[in-house]
Amino acid sequence: MANGQWYPAEWPDRIRALADGTLAPAMPRRAATVMLLKDGPAGTVVHMLRRRASMAFAGGAYAYPGGGVDPRDDEHQIHWAGPTRAWWAARLGVDETTAQAIVCAAVRETYEEAGVLLAGPTAESVVGDTTGAEWEADRAALVARELSFAEFLERRGLVLRSDLLGAWTRWITPEFEPRRYDTWFFVAALPEGQRTRNASTEADRTVWIRPEDAADGYDKGELLMMPPTIATLRQLTAYGTAAAALAAAPGRDLTPVLAQARLVDGEIVLSWPGHDEFTKHIPTGGASA
């Protein structure tokens, strides 16, 4: 492969099955992922993890902390700081309860997979070190879904800091994929006093890396990534600080990006609207270019 674009070998067959009506698209599950940023000596760096090669979805690919929405977090009235639920609903294009659950998913997954918690005892604060035994027990309960994030916040008397997040983009997994996600990407700055760690059972490596360097690794075929990951990395290169990226987030277009597969002159053309670099031409015989 010329670059590090994640491209499963079974895609051509699944695309053809979708085109001829023998494959029914799976319903995408709502999800959230967070590009955690901090300012380094050479510019902004982003926290990334490498998914274990054994993972059924995107094994070996570099990604950001993220995961599915927990429906238990939509109705529970948690302590909330920052823009209102109504504001978030308008920004994300969903109703208020769904908006709360999506924001909760973003904050929860950042805590579960990176050990960073965007919440505090007041609307103006964040917690400090979260590596103690009691914190780890709660984090493990969240991962096992024995505890909802809303329950976790309530039990610890914490306020969710929605003002520390910026909605960046939205991607929907292609219709021919068996595991589909409707994912909102957020940006956030690493809170002062907290530090990341590889807390995820799904990752075998974590790094802080400049978006430019990660994109260069992808271009050289050294770092494997899914299209949304490399697309967002390229977008982040325009911002010299974490604060600048967060300031730009409210003006970002959240129109969903969904891959399209069509038959043109005897070959399947797979494309992502607005992202020409990911276009694939797949001969009907099965090889890809």
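The first residue in the sequence is number 1, and the count goes up from there. Atom set for the values below is all heavy atoms of this structure, side chains included, hydrogens, waters and symmetry mates excluded.
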Does one hydrophobic cluster hold both Val94 and Phe149, with members joined at side-chain heavy-atom distances below 4.5 Å?
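The answer is yes; both residues are in one hydrophobic cluster.
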
Under a 4.5 Å side-chain heavy-atom rule over Ile, Leu, Val, Met, Phe, Trp and Tyr, are Leu18 and Ile172 clustered together?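 No; tracing contacts between hydrophobic side chains, which count when under 4.5 Å, never links both residues.
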
Report yes if the side chains of [X] and [Y] come closer than 4.5 Å at any heavy-atom pair, otherwise no.
X      : Y      : value
Thr232 : Val46  : no
Thr33  : Glu109 : no
Tyr111 : Arg139 : yes
Asp73  : Phe152 : no
Lys220 : Asp216 : yes
Phe186 : Thr110 : no
Val127 : Trp135 : yes
Pro12  : Lys280 : no

>> If the threshold is 4.0 Å, N to carboxylate O, is there a salt bridge linking Arg195 and Asp129?
In response: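 A salt bridge links Arg195 with Asp129.
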
- Between Glu112 and Arg145, is the closest basic N to carboxylate O distance under 4.0 Å?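 Salt bridge present between Arg145 and Glu112.
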
Cation over ring face, Arg91 and Trp184, 6.0 Å, 45°:
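Cation-pi check for Arg91 and Trp184: fails.
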
Under 3.5 Å donor-acceptor, [X] side chain and [Y] backbone:
X      : Y      : value
Glu177 : Pro174 : no
Arg50  : Arg205 : no
Gln260 : Pro273 : no
Arg85  : Glu96  : no
Arg161 : Ala81  : no
Thr173 : Tyr181 : yes
Thr183 : Ala31  : no

Atom pairs and distances, side-chain donor-acceptor, residues 237-251, under 3.5 Å, sequence neighbours left out:
unit_1 : atom_1 : unit_2 : atom_2 : d
Thr237 : OG1    : Arg234 : O      : 2.6
Thr241 : OG1    : Ala244 : N      : 3.0

Residue pair Thr98 / Asp95, side-chain donor-acceptor N/O under 3.5 Å: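 Present: a donor and an acceptor within the cut-off.
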
Practice problem: For Trp208 and Thr196, test the side chains for any donor-to-acceptor distance below 3.5 angstrom and give the result as yes or no. | Solution: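 Yes - a donor-acceptor pair under 3.5 Å links their side chains.
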
Q) Checking side chain to side chain contact (heavy atoms under 4.5 Å, CB included) for the pair Met48/Leu233: CA distance, chi angles, key distance, verdict? A) CA-CA 11 Å; Met48 302 189 76; Leu233 283 169; 4.0 Å; yes

ask   = Which word best sums up how the rings of Phe185 and Tyr64 line up, parallel for under 30°, tilted for 30 to 60°, or perpendicular for over 60°?
value =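 Judged by the thresholds at 30° and 60°, the geometry between Phe185 and Tyr64 is perpendicular.
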
query = Passes side chain to side chain contact (heavy atoms under 4.5 Å, CB included), Cys104 versus Leu160? Steps please.
reply = CA-CA 8 Å; Cys104 278; Leu160 185 146; 3.9 Å; yes

- Task: Starting at OG1 of Thr229, measure out to CG of Leu223 and round the result to the nearest 0.5 Å.
- Result: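 The distance works out to 11.0 Å.
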
So among Val103, Leu153, Val159, which one has a side-chain contact (heavy atoms from CB on, under 4.5 Å) with Trp80?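 Per the side-chain contact (heavy atoms from CB on, under 4.5 Å) rule, the option paired with Trp80 is Val103, out of Val103, Leu153, Val159.
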
key: Minimum heavy-atom distance between Ala106 and Ala32, given as atom pair plus value   =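 Smallest interatomic distance, heavy atoms only, reads N-CB, 3.7 Å.
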
message = If I compare all heavy atoms of Arg252 with all of Trp168, which pair ends up nearest, and what's the gap?
response =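 Smallest interatomic distance, heavy atoms only, reads NE-O, 3.1 Å.
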
